[in-house]
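One structure below.
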Amino acid sequence: MGTGFPVVRMRRLRRSEPLRRMVRETHLAIEDFIYPLFVTHGHGVKEEIGSLPDNFRWSLDMLVPEVQELARRQIPAVLLFGIPAHKDEMGSGAYDRHGIVQEAVRAIKQAVPEMVVVTDVCLCEYTDHGHCGIVDVKGGGDVLNDPTLELLASTALSHAEAGANMVAPSDMMDGRVAAIRRALDAEGYSHLPIMAYSAKYASAFYGPFREAAGSVPQFGDRKGYQMDPPNVREALREVELDIAEGADIVMVKPALAYLDVISKVKETFRRPVAAYNVSGEYSMVQAAARNGWIDGRRVALEILTGIKRAGADIIISYHAKDVAGWLLEG
Ligand code: PBG
């Protein structure tokens, strides 16, 4: 029965899995992933984070066997976030040489030297007000840019001294990549790469993370330093500046609602692009899967493949541990 129009047989190459595999354009590999971990004080602590199912706050003694398991699953890298014992106005736990993240780096590098340890560089988990920098209380609660840079540089340096393999500033202060690069170079860490959270948006998708880290801002919000979600031209400018300041890897965060940004960054710059598949993106999938509304595994793999197809070379994801198992099963 003719349609009067020649039928192009696109379906020929979809008839079987081996054929589909042969023409598949995007493949997830475990090497693409960085797995985020939350570290806390104490002993024997493995506390599930309610808003982030199957993710935990780990004390160091429990963290090490977990990282050994991640290494067995061939996950190449972890990204560390710390939950300090005390928070204060200046976020002093962030740059304490024996702070929780610094000690976690030492413990991991000693037990699992092949694991790439990346550290998040920011003050928000360490400040009592929950902002990513020093707050000008008298000046109406503004986050002060330049005084914060010094503290971020000290934080990065303390991570480097502990043995971190890469630092990842997530604060969105202007000039922080340059400040960190300068501090690292001055102390003999010119070999240490910086993965900059370059296009980090003021997103509602960070909700579960803030519960995990106890970093909900006590007043105001982060819109004065994180990017406005509707903007993409501005993201390219942020990335351009971070590269000029010395970023080795640039990141777009979140991922799912920003695939166009990932794609444009990839097209525009010759740098590895990381995408952060953030807490809210993960928890939405978990919640729906637990209700039996979606197939969590298929949805997660579809999302992560989409992030890679958009142009991400590196994907930071809470799904990474599961993905490792799924990829091994084939
Ligand atoms: C710290 C930081 C945040 C995330 C990564 N680093 C929270 C924030 O900016 O509020 C979010 C990660 C996630 O939601 O998974 N500044």
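Every number for a ligand or one of its atoms is a count from 1 in the order of the listing. As the structure is a prediction and not an experimental result, all values here were calculated from the model.
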- [ ] Would you mind checking if Arg24 and Glu17 are paired as a salt bridge, meaning a charged N to carboxylate O distance below 4.0 Å?
- [x] yes
Open item on the list: Other residues, nucleotides and ligands only: do more than 12 of their heavy atoms fall within 6.0 Å of CZ on Arg20?
Closed with: yes
- [ ] Report the part of Asp171 in contact with ligand 1, treating N, CA, C, O as backbone and CB onward as side chain, heavy atoms under 4.0 Å; options are side chain, backbone, both, neither.
- [x] neither
Task: Nearest neighbour in protein (non-hydrogen) for atom 14 (O) of ligand 1 - done: Ser279 OG, 2.7 Å
Open item on the list: If the cut-off is 4.0 Å to any non-hydrogen atom of Cys124, which atoms of ligand 1 fall inside it?
Closed with: 1 (C), 16 (N)
- [ ] Report, in ascending order of atom number, the atoms of ligand 1 lying under 4.0 Å from any heavy atom of Ser170.
- [x] 1 (C), 2 (C), 6 (N), 16 (N)
Task: Subset of ligand 1 atoms that lie under 4.0 Å from at least one heavy atom of Val278 - done: 13 (C), 14 (O), 15 (O)
Task: Crowding at NE2, His191 (>12 non-hydrogen neighbours, <6.0 Å) - done: yes
- [ ] List every atom of ligand 1 that sits less than 4.0 Å from any heavy atom of Tyr276, numbering the atoms from 1 in the order shown and giving each element.
- [x] 12 (C), 15 (O)
- [ ] Number the atoms of ligand 1 from 1 as they appear, then name those within less than 4.0 Å of a heavy atom of Lys200, with their elements.
- [x] 1 (C), 2 (C), 3 (C), 6 (N), 8 (C), 9 (O), 16 (N)
Open item on the list: Whether Lys264 and Glu267 form a salt bridge (side-chain N of Lys/Arg under 4.0 Å from carboxylate O of Asp/Glu) is what I want to check.
Closed with: no
TODO: Would you mind listing which atoms of ligand 1 come within a distance below 4.0 Å of any non-hydrogen atom of Phe81?
DONE: 5 (C), 6 (N)
- [ ] Report yes or no: does a heavy atom of Gln226 sit under 4.0 Å from some atom of ligand 1?
- [x] yes
Open item on the list: Quick check on Glu89: does its CD atom have over 12 non-hydrogen neighbours (other residues, nucleotides or ligands) under 6.0 Å away?
Closed with: no
- [ ] Please confirm whether Lys253 comes under 4.0 Å of ligand 1, counting heavy atoms of the residue only.
- [x] yes
Open item on the list: Would you say NE2 of His43 has more than 12 non-hydrogen atoms from neighbouring residues, nucleotides or ligands within 6.0 angstrom?
Closed with: no
Open item on the list: Please check whether Arg222 reaches ligand 1 - meaning an N/O of the residue sits under 3.5 Å from an N/O of the ligand, judged on distance alone.
Closed with: yes
Task: Sub-4.5 Å side-chain heavy-atom contact between Asp54 and Glu48 - done: yes
Open item on the list: With the threshold set at under 4.0 angstrom, would you say Tyr318 reaches ligand 1 through any of its heavy atoms?
Closed with: yes
Task: Salt-bridge contact Arg106-Glu103 (side-chain N to carboxylate O under 4.0 Å) - done: yes
- [ ] Write out the residue and atom name of the closest protein heavy atom to atom 10 (O) of ligand 1, then the distance separating them to 0.1 Å.
- [x] Arg210 NE, 2.6 Å
Task: Cys122 contact mode with ligand 1 (heavy-atom cut-off under 4.0 Å) - done: side chain
- [ ] Taking atom CZ of Arg97 as the centre, report whether more than 12 heavy atoms of other residues, nucleotides or ligands fall under 6.0 Å from it.
- [x] no
